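No experiment lies behind these values; they were computed from the predicted model shown.
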Amino acid sequence: MPRNSSRKGPSNSATSTNSSSAVDLFRSATGKAASKELERIDQLFFSYANNSSGLIDPEGIESFCSDLEVDHTDVRILMLAWKMQAEKQGYFTLDEWRRGLRALRADTIVKLKKALPDLDKEVRRPSTFEDFYTYAFRYCLTEEKQKSIDIESICVLLDLVLGSRFGPQVDYLVQYLKTQTDYKVINMDQWKGFYRFCTEISFPDLSNYDPDSAWPWILDNFVDWMRAKQG
C-alpha cells in the first residue's frame, strides 16, 4: 500500500516562539527610538538651560523664542507652558520640558515649529480651553501663597488669552478695569467669571444678564457701567 504523505506545519511552540521574538524585536526597536527621542529632547533643553541652576530661565526662554521665531509675549508660549504644565513663570525644568515635547512629538526646533498650529487648535477646543484659561491665571501667581493678580497684569492677560475670541467684551472689560477704583487685584473666582460672562452673556445688549445668578460683584458693577455708557 502506498504511504500517506503529509507535510507537517510548524508546531505551536515554534509559532509561539517566532511571535514572541517578533514582539520582542518590535519592543526593542520602539524602546530604542523613544530613548533616542528623549536624548534629543534633553540635548535641546540643555542648549537653553542655565548651567548653574539646571533650569531654562528667562534668558534661556528668550533665546528659545528667538530660535522658534515667536515673540516671548505670544500666547503660543503660554500654550507651550500649559502643555509642559510649567509651575513657575519664566522657568522650565527638565521634567516639564520632557512632558511637553514628548506630548508634542517634537525633539527639534523644526518639529516644534510645525507642532505649534496643532497645539493652538488643541487649546482652542471648548473641552480644553477652560483648563488653559485657568492655568494662565495660576501661571501668573509668581509669589508664594499669592492668590490674586494686579489689575494692570490682568488687563494684559485678558487680552492675550481672550482677546482673539471675544474682542469687544475684552476691550470693554479692560476699559472698565482701568477706570474703576474699587478693585486693585483680581482673584481666581473673578477671573473665571470673566470667561463665563464672555461665553454666556449676549453682548453688547446684555439682555440675559441676571445679577441674581451668582456673578462676582465686579461683573455686576461692570454691567451697570456698560448700561450707563449705553444711556
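Contact of the F129 side chain with the T199 side chain is not registered, since no non-hydrogen atoms from C-beta on lie closer than 4.5 Å. L177 has its side chain out of reach of F222: every pair of non-hydrogen atoms, C-beta onward, lies at least 4.5 Å apart. Here the side chains of L173 and F166 are not in contact, with every heavy-atom distance at 4.5 Å or above. Taking 4.5 Å as the limit, some side-chain heavy atom of L80 sits within range of a side-chain heavy atom of F64. The shortest side-chain heavy-atom distance between Q230 and P204 falls under the 4.5 Å cut-off.
Atom CD of Q89 sits in a crowded spot, with more than 12 heavy atoms from other residues, nucleotides or ligands closer than 6.0 Å. More than 12 heavy-atom neighbours from other residues, nucleotides or ligands sit within 6.0 angstrom of OH on Y139. Within a 6.0 Å sphere centred on CD of Q180, other residues, nucleotides and ligands contribute more than 12 heavy atoms. Heavy atoms of other residues, nucleotides or ligands lying less than 6.0 angstrom from CD of E130 number 12 at most. The number of heavy atoms from other shown groups lying within 6.0 Å of NZ (K113) is above 12. Within 6.0 Å of CZ in R105 there are 12 or fewer heavy atoms belonging to other residues, nucleotides or ligands. Annotation: Q146, atom CD; neighbour count of heavy atoms from other residues, nucleotides and ligands within 6.0 Å is above 12.
To the nearest 0.5 Å, atom OG of residue S153 and atom CZ of residue F137 are 10.5 Å apart. Interatomic distance, CD1 of I201 versus OG of S207, reported as 8.5 Å (0.5 Å rounding). Note that the CZ atom of R102 and the CD1 atom of I41 stand 6.5 Å from one another [nearest 0.5 Å]. A distance of 12.0 Å separates CE in M226 from OH in Y176, rounded to the nearest 0.5 Å. Once rounded to the nearest 0.5 Å, the distance linking CD of E96 with NZ of K88 reads 11.0 Å. For the atom pair CD1 (I56) and CH2 (W97), the distance works out to 4.0 Å, reported to the nearest 0.5 Å.
Below 30°, between 30° and 60°, or above 60°: for Y172 and F203 the angle between ring planes is between 30° and 60°, a tilted geometry.
Contact detail for I186 and W191: the closest heavy-atom pair is CG2-N, 3.9 Å. Residues V161 and A136 approach most closely at CG2-CB, 4.0 Å, considering heavy atoms. Nearest heavy atoms, I77 versus C65: CD1-SG, 3.6 Å. The two residues L44 and L101 have their closest heavy-atom pair at CD2-CD2, 3.9 Å. Here the closest non-hydrogen pair linking S53 and N50 is N-OD1, 3.1 Å. The minimum heavy-atom distance between V185 and D150, with the atom names listed, is CG1-CA, 4.1 Å.
Residues L78 and V156 fall into different hydrophobic clusters, defined by Ile, Leu, Val, Met, Phe, Trp and Tyr side chains chained together at heavy-atom separations under 4.5 Å. Residue I109 is grouped with residue L104 when hydrophobic side chains (ILVMFWY) are merged at heavy-atom distances under 4.5 angstrom, including chains of intermediate members. L55 is not connected to F46 by any chain of hydrophobic side-chain contacts under 4.5 Å among Ile, Leu, Val, Met, Phe, Trp and Tyr, and they are in different clusters.
The backbone N or O of L206 lies less than 3.5 Å from a partner atom in the side chain of R227, making a donor-acceptor pair. With Y209 contributing its side chain and S202 its backbone, the two residues share no donor-acceptor pair below 3.5 Å.
For E200, the side-chain hydrogen bond (donor to acceptor under 3.5 Å, both in side chains) test picks out R196, with sequence neighbours left out.
Checking D71 against T73 by side-chain atom types alone, a donor-acceptor pair falls below 3.5 Å.
A salt bridge does not link R76 with D120: every distance from a Lys NZ or Arg NE/NH1/NH2 to an Asp or Glu carboxylate oxygen is 4.0 Å or more.
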